[in-house]
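Data first, discussion second: the structure below is written as structure tokens.
This is a predicted model, so every value here is computed, not measured. A, B, ... follow the sequence lines: proteins, then strands. Residue 1 opens every chain.
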2 protein chains.
Amino acid sequence: MPMLPGKKTSKEKLLDAALTVIRTKGYSATSVDELCSAAGVTKGAFFHHFKNKDELGVAAADYWSEVTGALFVDAPYHDLDDPLDRILAYVDFRKALLQGRVPEFTCLVGTMVQETYETAPSIREACQRSITSHAAKLEADIQAAMDQRGLTPDWSARSLALHTQAVLQGAFILAKAEGGADSAVEIAAESVDHLRRYIELVFAAPAGSTRSTA
Amino acid sequence: MPMLPGKKTSKEKLLDAALTVIRTKGYSATSVDELCSAAGVTKGAFFHHFKNKDELGVAAADYWSEVTGALFVDAPYHDLDDPLDRILAYVDFRKALLQGRVPEFTCLVGTMVQETYETAPSIREACQRSITSHAAKLEADIQAAMDQRGLTPDWSARSLALHTQAVLQGAFILAKAEGGADSAVEIAAESVDHLRRYIELVFAAPAGSTRSTA
DNA sequence: AATTAAATACCGACTGGTTGGTATGTATTC
DNA sequence: GAATACATACCAACCAGTCGGTATTTAATT
């Protein structure tokens, strides 16, 4: 269906609106009507593209993976030679994204899965896909850094990759609880700082040896 | 209002039901009617004790602070002499609590604040109180451990205390996304393991790290 | 190139059930 | 007797989802 380029379809407008509205109000509190008026489309358009509200939730999670995936692919840190540098640059990049108001830098799938993990299995799965596929890219660099240093710790590359996502998701919750924009950003950023320090330490200190970090 | 001891009032029954139902379905998706039937009381009882649904949300957050506060006060790790041991024992205790099904070990206020931070300021504030007051108890031990070792790092005791809460909240989100009970618990526990390792490393004070001259 | 058929992309009024909340009543406690 | 602690019936607004209709695009046929 090649439409006029630059002209967004109703489906795209609805998905864009979903990212904003759901991150602001949550999934359950977001009504189909509100989504439609935010997107500037009618209810008929909504139910033409999505069988029901849950199917929009799944599509929104997938769309989120696309949008954020493109953001991280375009990020500059992939060029670095040392895999550990790439990991740390990723963390720095995540910290740099903590800007503006809370609904703008928080994670759609982290928000949605909290509300739907028991009541909407298809949405839960879509959110899990989004998180784990993102973590998998990081896991590759973590494994490379471990191999390069000959590290064989009692934790896996996967667990550390998921841990980074846990810290970020938790930082978002702290920011939401804080409320005010500036202090919320600060609190989230400090958690990311701790995460960065952990990664430095855990890669710097194989049993016994000490190494101060730059 | 001293009633027959052992006989729960409608208010208590509603608050107990709120902890379970809201953690399972989220705040917005939990209807007043459902709360009442889960608690075995009528709607009249609900609106006798709470002006509106949001006021129950606030009361539930406060109640959550009471219940969990009592849990941690009774925990055995307070006896330890070394403040760092107390911190690590706290983390171990949090890890030990990761048992059973997801709605049973996840956090009420972390769930609620995600949905309400923009739409219900009073609930957001109650959730913030709950998180920060809990973190404050940990912060005291962290500060004591820092003082004992003469550590003057570029992070504050408060930021590390909040970071522990971020990791836990993030671990809950990962567990919710994972779905299946066993693997969900495992993923959350591994994040707590990383947190414990970070605290050990950051207090290990290797040569080259900042130390005060006192 | 013109005509037609069929699929796609909407539109917006409508529906039946659910929602948070109210009004009015009564039984019990202080 | 007055406040507290419920109970029940009720309501207007809102909810997700439906349905018949129309405009537009694509494909097939002539």
side-chain contact (heavy atoms from CB on, under 4.5 Å) partner of A:Y117, chosen from B:E178, B:K176, B:K25:
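Only one of B:E178, B:K176, B:K25 forms a side-chain contact (heavy atoms from CB on, under 4.5 Å) with A:Y117, namely B:K176.
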
Nearest-Å distance, [atom1] ([X]) to [atom2] ([N])?
{"X": "B:K25", "N": "C:dT18", "atom1": "NZ", "atom2": "P", "value": "12 Å"}
{"X": "A:K8", "N": "C:dC10", "atom1": "NZ", "atom2": "P", "value": "14 Å"}
{"X": "A:H49", "N": "C:dA9", "atom1": "NE2", "atom2": "P", "value": "6 Å"}
{"X": "B:H48", "N": "D:dT8", "atom1": "NE2", "atom2": "C1'", "value": "16 Å"}

Name all residues meeting the salt bridge (charged side-chain N to carboxylate O under 4.0 Å, His left out) criterion together with A:D82; count only those two or more places apart in sequence or in a different chain, and write none if there are none.
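Here the qualifying residues are A:R149.
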
Taking the inter-plane angle between the rings of A:H134 and A:F72 on a 0 to 90° scale, is it parallel (under 30°), tilted (30 to 60°) or perpendicular (over 60°)?
tilted

Per-nucleotide protein contact string for nucleotides 19-25 of chain C (B base, S sugar-phosphate only, - none; heavy atom under 4.0 Å):
SBBB---

With a cut-off of 6.0 Å (strictly less than), are more than 12 heavy atoms of other residues, nucleotides or ligands near CZ of B:R158?
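Result for CZ/B:R158: open.
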
Anything under 3.5 Å between a donor and an acceptor, one on a side chain of residues 165-174 of chain B, the other on a protein residue two or more places apart or in another chain? List them.
from: B:Q165; atom 1: NE2; to: B:Y90; atom 2: OH; distance (Å): 3.1

Do we get B:K53 above B:Y27's six-membered ring, with its NZ or CZ under 6.0 Å from the centre and within 45° of the axis?
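Positive - B:K53 is close enough to the ring of B:Y27 and near enough to its axis.
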
For residues 64-80 of chain A, which residue pairs pass the side chain to side chain donor-acceptor pair (under 3.5 Å) check, not counting sequence neighbours?
A:S65-A:S130

Show every side chain to side chain donor-acceptor pair (under 3.5 Å) that has at least one partner inside residues 40-50 of chain A, sequence neighbours left out.
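Passing the test, one end in residues 40-50 of chain A: A:D33-A:K43.
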
With sugar-phosphate meaning primed atoms plus P, OP1 and OP2, does B:T42 contact a base, only sugar-phosphate, or nothing at under 4.0 Å between heavy atoms?
base

Quantify the bending of the helix from C:dA1-D:dT30 to C:dC30-D:dG1 as the angle between its end axes, each fitted on five pairs, to 10°.
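Its terminal axes enclose an angle near 10°.
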
Check whether any side-chain nitrogen or oxygen of B:S10 sits under 4.0 Å from OP1 or OP2 of D:dA5, and answer yes or no.
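No, no such contact exists.
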
